[in-house]
Q: 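Take this structure, written in structure tokens, and hold onto it; I'll ask about it next.
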2 protein chains.
Amino acid sequence: MEEDTRQAADYGRELSTAVVMFHEAVGAHLGVTAGDQRALAVIGRHGPLSAGALAEHTGLTPGAVTGMVDRLERAGLATRDPDPQDRRRVLITATGHLPDVFTDLAAAMATVTARYDQTQLATIADYVTRTVEVLREQTRRLRDTRR
Amino acid sequence: MEEDTRQAADYGRELSTAVVMFHEAVGAHLGVTAGDQRALAVIGRHGPLSAGALAEHTGLTPGAVTGMVDRLERAGLATRDPDPQDRRRVLITATGHLPDVFTDLAAAMATVTARYDQTQLATIADYVTRTVEVLREQTRRLRDTRR
DNA sequence: TCTGATAATTTAGTACAGTAAACTAAAACA
DNA sequence: TGTTTTAGTTTACTGTACTAAATTATCAGA
């Protein structure tokens with residue numbers, strides 16, 4: 001049992017490293033930062049947001065959001081559309097264009113998950129869900145303790 | 001089945017985000033970059049490395065490695081020890097001092113994995129191992145296709 | 001209609017990680 | 001012993017993301 005939980009820590013670490021490096025590579029490839037990608041995810045889930053709303057979501061200044069959206073636009077991931085209700089505003093809209101890198105990853109992961117039956121998938125889902133909760137909690141704690 | 005693999009993609013995405021954000025928080029908390037942490041992991045596994053060897057491992061210039069080691073030292077994670085065989089050299093040595101953040105995470109993850117029996121742990125290990133392989137392969141492809 | 005507030009962008013500046021080159025000390029070799 | 005090479009650090013510079021403040025256009029309210 002002890003041996004198995006130690007192994008779990010090892011591959012958890014390897015998974016972390018692999019995830020971080022993958023995302024760095026994606027960022028470098030697309031010319032966007034991790035924060036850019038997270039902002040894009042917010043827009044994708046929520047729908048178009050004004051630059052100001054995005055600034056609130058990200059905690060960045062309006063100027064920094066301008067830069068962020070520039071990068072997302074340049075990468076073909078988002079556009080600025082005028083807001084019909086307020087001409088001062090732009091609505092940052094996800095293009096929905098999924099870069100090959102994500103479709104490739106999804107396809108590869110589909111072949112991985114296709115190996116498992118329902119029970120196994122439930123176990124995996126449980127593990128991942130709990131892991132995500134742990135990570136979020138630990139992240140929260142870190143953010144709350146100032147250096 | 002299709003529903004389940006789509007859910008797998010969703011929590012895979014959430015896991016990715018949680019991992020990246022956790023590591024960013026760790027980095028900010030400790031004052032080290034992701035690259036610093038990876039270099040530290042190399043030293044931890046391999047044993048002390050000279051600055052030059054570390055530069056080769058990381059692909060950075062000697063000057064950048066000096067900065068990296070400065071940061072690791074400042075965070076209490078590594079030290080510079082003289083190399084008895086060549087006085088021009090320093091051996092970058094991991095202190096082995098595990099920051100609370102990692103022990104806390106390990107403890108939290110241990111409670112997660114303690115929920116599963118041997119069969120379930122084997123399933124999880126299989127999933128994680130394959131996921132890591134997929135991520136590494138995709139990362140390699142990205143690095144190989146220049147922007 | 002005018003004034004104050006708001007939205008996004010631009011401008012000027014900062015912080016940081018990294019590179020290239022210079023520097024200093026030590027090692028290797030003739 | 002003198003010269004060349006090597007190791008790590010420092011210095012000067014670059015690129016990038018970000019902040020603060022200024023700018024320009026639009027909106028809301030008196």
Side-chain angles (χ1 to χ4, degrees), chain A residues 20-21 23-40 42-43 48-75 77-93 143 146-147, chain B residues 20-21 23-40 42-43 48-75 77-93 143 146-147:
Chain A
V20 170
M21 290 186 74
H23 279 271
E24 280 170 0
V26 169
H29 183 76
L30 295 178
V32 296
T33 69
D36 298 346
Q37 290 175 52
R38 279 201 296 278
L40 185 64
V42 169
I43 294 161
L49 286 172
S50 70
L54 200 52
E56 279 181 30
H57 259 98
T58 58
L60 297 178
T61 63
V65 165
T66 296
M68 177 181 268
V69 178
D70 288 346
R71 291 192 295 274
L72 289 173
E73 272 198 324
R74 203 181 307 135
L77 300 172
T79 56
R80 285 177 170 90
D81 302 325
D83 183 341
Q85 317 211 354
D86 184 340
R87 291 200 292 174
R88 298 173 298 184
R89 267 204 190 115
V90 289
L91 292 178
I92 318 298
T93 309
R143 299 285 193 201
R146 295 301 169 190
R147 274 217 75 212
Chain B
V20 170
M21 289 185 75
H23 280 271
E24 280 171 359
V26 169
H29 184 75
L30 296 177
V32 296
T33 69
D36 297 347
Q37 291 176 50
R38 278 202 296 280
L40 185 65
V42 170
I43 293 161
L49 285 172
S50 69
L54 200 52
E56 279 181 30
H57 258 96
T58 58
L60 297 178
T61 63
V65 165
T66 296
M68 176 181 270
V69 178
D70 287 347
R71 291 192 295 274
L72 290 173
E73 272 197 326
R74 203 180 307 134
L77 300 172
T79 56
R80 286 177 169 91
D81 301 326
D83 184 340
Q85 317 212 355
D86 185 340
R87 292 199 292 170
R88 297 172 299 180
R89 265 206 191 117
V90 290
L91 291 178
I92 317 300
T93 310
R143 299 283 192 204
R146 294 302 167 190
R147 273 217 77 214

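Below, chain A is the first sequence line, B the second, and so on; all start at residue 1.
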Q: Can you list the residues that meet the salt bridge (charged side-chain N to carboxylate O under 4.0 Å, His left out) rule with Arg71(A), with sequence neighbours excluded?
A: Asp36(A)

Q: For the helix from dT1(C)-dA30(D) to dA30(C)-dT1(D), what angle separates the axis at the start from the axis at the finish, each from five pairs, in steps of 10°?
A: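 The value is 0°.
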
Q: Take the protein atom CG of Asp83(A) and the nucleotide atom P of dT6(C), then report the distance between them rounded to whole Å.
A: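 About 17 Å, once rounded to whole Å.
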
Q: Go through it in stages, so that I can follow the logic: the residues are Ile92(A) and Met68(A), the test is side-chain contact (heavy atoms from CB on, under 4.5 Å), and I'd like the CA-CA distance, side-chain angles, deciding distance and then a yes or no.
A: CA-CA 11 Å; Ile92(A) 318 298; Met68(A) 177 181 268; over 6 Å; no

Q: Ala55(A): which residues meet the side chain to side chain contact (heavy atoms under 4.5 Å, CB included) condition with it, sequence neighbours left out?
A: Val65(A)

Q: Under the salt bridge (Lys or Arg N to Asp or Glu O under 4.0 Å) rule, what pairs show up with a residue in residues 56-69 of chain A, not counting sequence neighbours?
A: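 Residue pairs passing salt bridge (Lys or Arg N to Asp or Glu O under 4.0 Å), neighbours aside: none found.
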
Q: What residues form a side chain to side chain donor-acceptor pair (under 3.5 Å) with Glu73(B), not counting sequence neighbours?
A: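 Scan of Glu73(B) (side chain to side chain donor-acceptor pair (under 3.5 Å), adjacent residues dropped) gives Arg80(B).
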
Q: Output all residues satisfying salt bridge (charged side-chain N to carboxylate O under 4.0 Å, His left out) with Arg87(A), sequence neighbours left out; order by chain, then residue number.
A: none

Q: Tell me every residue that passes side chain to side chain donor-acceptor pair (under 3.5 Å) with Asp86(A), counting only those two or more places apart in sequence or in another chain.
A: Arg88(A)

Q: Where along nucleotides 9-26 of chain C does protein come under 4.0 Å, by heavy atom, of base (B) or sugar-phosphate alone (S), with - for untouched nucleotides?
A: BB------SSB------B

Q: Excluding sequence neighbours, so at least two apart, what forms side chain to side chain donor-acceptor pair (under 3.5 Å) with Gln37(A)?
A: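 Gln37(A): no side chain to side chain donor-acceptor pair (under 3.5 Å) contacts found.
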
Q: Earliest and latest nucleotide of DNA chain D, 5' to 3', sitting under 4.0 Å from a non-hydrogen atom of chain A?
A: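 Extent of the interface on DNA chain D: dA17(D) to dC27(D).
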
Q: For Pro48(A) versus Leu91(A), what's the shortest heavy-atom pair and its separation?
A: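 Here Pro48(A) and Leu91(A) meet closest at CB-CB, 4.0 Å.
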
Q: What residues form a side chain to side chain donor-acceptor pair (under 3.5 Å) with Thr93(A), not counting sequence neighbours?
A: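 Partners of Thr93(A) by the side chain to side chain donor-acceptor pair (under 3.5 Å) criterion, ordered by chain and then number, come out as Asp81(A).
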
Q: Mind calculating the distance between CG (Asp81(A)) and P (dA7(C)) to the nearest angstrom?
A: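 After rounding, the reported distance stands at 18 Å.
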
